[in-house]
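So you know, we letter chains A, B, ... as the sequences are listed, proteins then strands, and number each from 1.
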2 protein chains.
Amino acid sequence: MQRLIAHISKFVELTEEDKEIILSCIQYQEVKKKEYLLRQDAICNANYFILKGVFRKYYIDEKGSEQIIHFGIDNWWITDYDSLDRRIPSQYFIQAVERAEVAVLDWRVQEELFVKIPALERYFRLILQRAYAASMQRIRYIYDFSGEERYYHFSNLYPEFLQRIPQYMVASYLGFTPEFLSKIRAKKI
Amino acid sequence: MQRLIAHISKFVELTEEDKEIILSCIQYQEVKKKEYLLRQDAICNANYFILKGVFRKYYIDEKGSEQIIHFGIDNWWITDYDSLDRRIPSQYFIQAVERAEVAVLDWRVQEELFVKIPALERYFRLILQRAYAASMQRIRYIYDFSGEERYYHFSNLYPEFLQRIPQYMVASYLGFTPEFLSKIRAKKI
DNA sequence: GCCAAAACTTAATCAAGTTCAAGAAAAGAC
DNA sequence: GTCTTTTCTTGAACTTGATTAAGTTTTGGC
C-alpha cells in the first residue's frame, strides 16, 4: 500500500497526517484471474489503484464481440469515471487478466477525502490530465499508423507485456483481428 | 463572460465573492478566423473557454499532412493540458476555424485561483473526467463503425456544424480522406 | 497424464478506404 | 467583377485488413 502513497507524493505534497487518513480510508483487495471489478450495466462504486497485475477494460460491440479499450497496469488507476461520478450504469467491463492486487477507494469515501485533503483532489485532476493526454495519443496512433506499425510500436514499448497477455487481447486493443496479428507475426519470424 | 460563470456553476457551487475573483482573473479575447491560440513547439500558456466560435486542434503527421484531433465549440475549454501543466513544448496547433471569442485563463493565474477557490480545482477535475470519457467514446466510434457510419453519426449529431466548417476538416477529424467523404456524399444525393 | 477448452495459425475471397491525377466549383482579395 | 486560391469531385488502380472456415497448438482442470 506504500506504493500508492509514493505515487500520490510524486504529484502533490502530503503531510504525515494526510498519509494516515488516506491509508485508513483505503481497502486492500486481492483479485483472481478473470475476476471482475465492474460489469456492464452496474454502477461503478470505486476507483482502483493497481498495486500489481493487469486489468482490461472492454465493452461488447454491435456485433457482439469484446472490444478492449484500455489496459490497466501497475501504478495506474482504473475505473469508469463516468459511471462512478454521475452514478449511471457503466458500459464497460473491468476484468483481471492475471492475478492482481488493488487498493480500493470507494466513491463515498473519495468525496469525504477530497474535503479533508484538498491536495488529493488536485492529485486526481493531474492524473486525469495524464489519462486524457494518453487517450489523445492513442487516437493519434490509430490515425497515423497501420495495424502492423501499431503492433511493432506496442511490442517495442511493452515487450514483457506481450508474454503476459493473450494475443487476441493485444489484437483487440490495437483495433484489428487476431487473424491479422497472426499474419503480421508470420511475416517476421 | 457570464456564460463561463454559468458553466462553472453547473458543476460546483460558487459564492458571489468567488465569482468576482474569477472574473477579475480572466481576460476576454477576440480571435480572428485562422488565428492561432497555440502552435506546435510552443509552450502552452493558457486554458481557453470558448464563448463563441469553433476551434480545431491538430498536428502534422508523419506524411506531413494535418490531422485534426479535436474540435472545440461553445462552452468547452480548449488547451494542451500536457504542455500547459508540464511546461513542455506542445505537439499541437490550436486554430480558430471561424471568428471567435474566448475567456483566457493564464496558467500562473490558474494556480493562484486553485488555492483561493478549491471548488475550481474540483470543477476542472470534473471537466477533465468528462473530456476523458468523451475521448474514450471517440475511440469506440473509430473501432466500431466504418467511415461512412461515422460520417452519418456525426452529421446527425451536429447538422449545423457541417455547414460551418470545410469538409476536408470533417474528413480529417473522422479519420479518412476528403476524397472518400466526397464519395460518401455522392452516394446519397 | 489425459481431455476439454482456449488460443493461435493458415489461406482464399472480399470489402473498405487510399493514392494519384485531373478537373470543376466556390470563396476571398483587391 | 475578375483573378487567384481554396475547396470539392470523379475515376482507376491499388493496399490494408475483415471474414469465413478449417486445422493446429497450448493451457488448465481434475
message = Output the rounded distance in Å from CD (B/E66) to C1' (D/dT6).
response = 13 Å
message = Let's see if you can work this out: which of C/dT10, C/dT18, C/dG17 has an atom nearest to the side-chain heavy atoms of B/S146?
response = C/dG17
message = How many whole angstroms separate atom CZ of A/R185 from atom P of D/dT24?
response = 19 Å
message = Distance to the ring centre below 6.0 angstrom and angle to the axis at most 45 degrees; does that hold for A/R39 and A/Y92?
response = no
key: Protein-nucleotide distance (B/D144, atom CG; C/dA16, atom C1'), rounded to Å   = 16 Å
task = May I ask you to check whether A/F145 and A/Y152 place their ring centres under 6.0 Å from each other?
result = no
request  = Figure out the NZ/C1' separation between A/K183 and D/dT15, and round it to whole Å.
outcome  = 12 Å
key: Pairwise 5' ranking along DNA chain C for B/G147 and A/F180, keeping only the more 5' one   = A/F180
message = Which nucleotide wins on minimum distance to the side chain of B/F176, given the candidates C/dT19, D/dG17, C/dG17?
response = C/dG17
task = Measure from CD on B/E148 to P on C/dA16 and round the result to the nearest Å.
result = 8 Å
request  = Name the closest nucleotide to the B/Q167 side chain, picking from C/dT19, D/dC8, C/dC8.
outcome  = D/dC8
message = Between A/S83 (side chain only) and A/I88 (backbone N and O only), is there a donor and an acceptor less than 3.5 Å apart?
response = yes
request  = Could you tell me whether B/K33 contacts a base, only the sugar-phosphate backbone, or nothing, with contacts defined as non-hydrogen atoms closer than 4.0 Å?
outcome  = sugar-phosphate
request  = Taking only the side-chain heavy atoms of A/Y168 (C-beta and beyond), determine which of D/dG11, C/dA7, C/dA16 contains the nearest atom.
outcome  = C/dA7
key: For atom CD of A/E149 and atom P of C/dT18, their distance in whole Å   = 14 Å
key: Sugar-phosphate only, base, or nothing, as touched by B/S182 at under 4.0 Å among non-hydrogen atoms   = base
key: Nearest-nucleotide pick for B/P166, side chain only, options being C/dA12, D/dT7, C/dT19   = D/dT7
ask   = Just how far, in rounded Å, is P of C/dA27 from CZ of B/R99?
value = 20 Å
message = Of the options D/dG11, D/dG17, C/dA16, whose atoms approach the side-chain atoms of B/E179 most closely?
response = D/dG11
message = Using whole Å, what does the distance between atom C1' of nucleotide C/dA7 and atom CD of A/E98 come to?
response = 17 Å
ask   = Is a donor on one side and an acceptor on the other found under 3.5 Å between the side chain of A/S135 and the backbone of A/A131?
value = no
ask   = Does the B/E149 side chain pair with the main chain of B/S146, one donor and one acceptor, at a distance under 3.5 Å?
value = yes
